[in-house]
J.: 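Have a look at the structure that comes next, please.
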Amino acid sequence: MRTHLTPLLLAALLALGLAGTAHASVGQFSIVQDDDQLLHRGDAAREEALSRMQALGVDVVRVTVLWKDLAPQRRSARFHGENPSSYPRRRWVPFDRL
């Protein structure tokens, strides 16, 4: 018993071969986010990740900055969230190094 799979498969392969190539817009940026490598694994891992990204032609690096990770755990009356100096400086270190 023969099925119609062979002609369908042939038609699909032919259609794929005739399909045009998609081209990116000239104004399109490549953006990479890897918080683990860029912020949490140390200086060597960050530098290696940035080198790989540069070699790949990455235009923009994105990282996540979570308020809960920056704000003091116990918020006193002296803490004012709108004032950058109210946040512990040590929590900004990974972002400053990046």
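Everything quoted here is computed from the prediction, not taken from an experiment.
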J.: So if you build clusters from Ile, Leu, Val, Met, Phe, Trp, Tyr with side-chain heavy-atom gaps below 4.5 Å, do F29 and V63 land together?
T.: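 No: no chain of side-chain contacts under 4.5 Å links F29 to V63.
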
J.: Measure the CZ-CG distance between R46 and L98 for me, rounded to the nearest 0.5 Å.
T.: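 With rounding to 0.5 Å, CZ (R46) is 6.5 Å from CG (L98).
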
J.: Testing the basics here: between R62 and D35, what is the closest heavy-atom pair and its distance to 0.1 Å?
T.: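 Closest approach of R62 to D35: O-OD1, 4.0 Å.
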
J.: What closest approach, in Å, do S86 and R78 show between heavy atoms, and which atom pair accounts for it?
T.: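 Heavy-atom minimum between the residues: OG-O, 4.1 Å.
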
J.: Nearest 0.5 Å please: distance from the CD atom of Q73 over to the NZ atom of K68.
T.: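 That separation rounds to 8.5 Å.
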
J.: If every non-hydrogen atom of L70 is compared with every non-hydrogen atom of Y87, which pair is closest and at what distance?
T.: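 Reported closest heavy-atom pair: O-CD2, 3.5 Å.
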
J.: Kindly work out whether a path of hydrophobic side-chain contacts (I/L/V/M/F/W/Y, heavy atoms less than 4.5 Å apart) joins L38 to V93.
T.: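 Cluster IDs for L38 and V93 differ.
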
J.: Consider only side-chain heavy atoms of I, L, V, M, F, W and Y, link residues closer than 4.5 Å, and tell whether L56 and V32 are in one cluster.
T.: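 Same cluster: L56 reaches V32 through Ile, Leu, Val, Met, Phe, Trp or Tyr contacts under 4.5 Å.
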
J.: Could you report the tightest heavy-atom contact between S30 and G57, atom names first, then the distance?
T.: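 Closest approach of S30 to G57, heavy atoms only: OG-O, 3.2 Å.
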
J.: With rounding to the nearest 0.5 angstrom, report the CD to CG distance, Q54 to D59.
T.: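 Nearest 0.5 Å value for the CD-CG distance: 11.0 Å.
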
J.: Please check if atom CZ in R41 has more than 12 non-hydrogen atoms from other residues, nucleotides or ligands closer than 6.0 Å.
T.: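 It does not: R41 CZ has 12 such atoms or fewer within range.
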
J.: Any link between F79 and V65 through a network of hydrophobic side chains (Ile, Leu, Val, Met, Phe, Trp, Tyr) touching at under 4.5 Å?
T.: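 Yes; tracing contacts between hydrophobic side chains, which count when under 4.5 Å, links both residues.
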
J.: Nearest 0.5 angstrom please: M53 CE to E48 CD, how far?
T.: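 Between M53 CE and E48 CD, I get 10.5 Å after rounding to 0.5 Å.
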
